[in-house]
**Q** 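Got a structure for you, written out below as structure tokens; questions coming shortly.
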Amino acid sequence: MALERTFSIIKPDAVAKNLIGAIYNRFESAGLKIVASKMVHLTREQAEGFYAEHKERPFFGALVDFMTSGPIMVQVLEGENAVLANREIMGATNPADAARGTLRSDYANSIDENAVHGSDALASAEREIAYFFSAEEICPRTR
Ligand code: RTP
Ligand code: MG
């Protein structure tokens with residue numbers, strides 16, 4: 001087993017539905033520790049930079065519109081195999097395909113407004129954490 005950190009977003013739809021606490025409860029209940037957290041309202045430039053890998057995709061404009069439509073919560077989660085563990089807690093991108101009991105099955109409106117983001121690999125986790133947090137904003141958890 002490997003102790004990892006992953007990057008997570010509670011997207012504007014889920015913040016608007018007052019689901020921050022419910023979603024943090026899922027992370028903590030699964031044994032993931034929150035080691036950094038803040039609310040931000042992305043500029044278009046920030047959203048475009050974060051999702052740069054999807055720049056050529058047909059949904060890119062709608063994705064940026066949505067991600068800048070209201071505040072989001074960004075957090076760093078730490079735990080054993082945190083990257084994969086968080087993807088399992090989230091469920092499939094399209095809530096119609098997401099397993100029962102996952103965040104997207106329970107809380108997402110659609111493939112576009114799908115409640116949460118989580119890094120898809122360790123390398124992207126490192127890049128995404130650094131995009132939002134300085135080293136001083138991350139608090140190592142010893143217990
Ligand atoms: P995320 O990056 O947000 O955690 O989601 P993901 O890995 O499951 O999905 P990804 O392929 O990285 O897509 C990023 C976000 O773009 C929107 N999307 N829309 N309309 C579409 O076909 C479509 N495909 C992707 C979703 O909001 C997805 O979370
Ligand atoms: Mg992704």
Side-chain angles (χ1 to χ4, degrees), residues 1-135 137-141:
M1 299 287 267
L3 189 68
E4 294 178 351
R5 286 178 178 171
T6 192
F7 177 72
S8 162
I9 298 177
I10 302 178
K11 295 186 179 184
D13 57 325
V15 172
K17 288 195 276 187
N18 263 359
L19 290 169
I20 296 169
I23 292 172
Y24 273 22
N25 186 32
R26 298 283 183 99
F27 298 148
E28 293 193 311
S29 296
L32 294 176
K33 293 179 176 177
I34 298 162
V35 297
S37 170
K38 60 189 170 188
M39 181 175 276
V40 295
H41 192 144
L42 295 178
T43 64
R44 289 196 77 81
E45 189 179 35
Q46 284 175 312
E48 286 168 359
F50 182 73
Y51 280 116
E53 66 184 296
H54 296 309
K55 201 168 55 210
E56 307 304 330
R57 307 281 285 278
F59 58 79
F60 184 69
L63 177 60
V64 172
D65 287 345
F66 168 60
M67 290 301 292
T68 57
S69 68
I72 61 174
M73 290 296 299
V74 293
Q75 47 278 329
V76 179
L77 307 177
E78 184 177 88
E80 293 294 336
N81 298 314
V83 172
L84 185 61
N86 183 43
R87 296 287 289 191
E88 288 177 355
I89 292 165
M90 289 165 50
T93 309
N94 186 345
D97 301 329
R100 287 182 64 172
T102 60
L103 290 172
R104 282 166 166 167
S105 172
D106 289 346
Y107 298 137
N109 296 331
S110 66
I111 191 171
D112 299 300
E113 301 196 358
N114 62 1
V116 283
H117 160 82
S119 307
D120 58 13
L122 256 189
S124 46
E126 286 179 15
R127 179 178 58 78
E128 292 171 359
I129 289 168
Y131 194 83
F132 281 98
F133 292 101
S134 65
E137 288 179 300
I138 302 171
C139 299
R141 296 275 300 265

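Ligands are counted one by one from 1 in listed order, and the atoms in each one are counted from 1 as well.
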**Q** Only counting residues at least two apart or in another chain, list the ones meeting side chain to side chain donor-acceptor pair (under 3.5 Å) with Glu78.
**A** Arg5
**Q** Checking the side chain of Thr6 only, and the main-chain atoms of Leu77 only, is there a donor and an acceptor separated by less than 3.5 Å?
**A** no
**Q** Side-chain contact test, heavy atoms from C-beta onward, threshold under 4.5 Å: evaluate it for Ile10 versus Gln75 and give yes or no.
**A** yes
**Q** What pairs of donor and acceptor atoms, side-chain ones from residues 40-48 against any protein atom, are under 3.5 angstrom apart with sequence neighbours left out?
**A**
residue : atom : partner : partner atom : Å
His41   : NE2  : Thr68   : O            : 2.8
Thr43   : OG1  : Gln46   : N            : 3.0
Thr43   : OG1  : Gln46   : OE1          : 3.4
Arg44   : NH1  : Asp65   : OD1          : 2.9
Arg44   : NH2  : Asp65   : OD1          : 3.2
Gln46   : OE1  : Thr43   : N            : 2.9

**Q** Scan for salt bridge (charged side-chain N to carboxylate O under 4.0 Å, His left out) pairs involving residues 84-100, sequence neighbours excluded, and state none if there are none.
**A** none
**Q** Check the orientation of Phe59 and His54. Use parallel for under 30°, tilted for 30 to 60°, and perpendicular for over 60°.
**A** tilted
**Q** So if I only count non-hydrogen atoms and take anything under 4.0 Å from ligand 1, which residues does that give, chain by chain?
**A** Lys11, Tyr51, His54, Phe59, Leu63, Arg87, Met90, Thr93, Arg104, Ile111, Asp112, Asn114, His117, Gly118
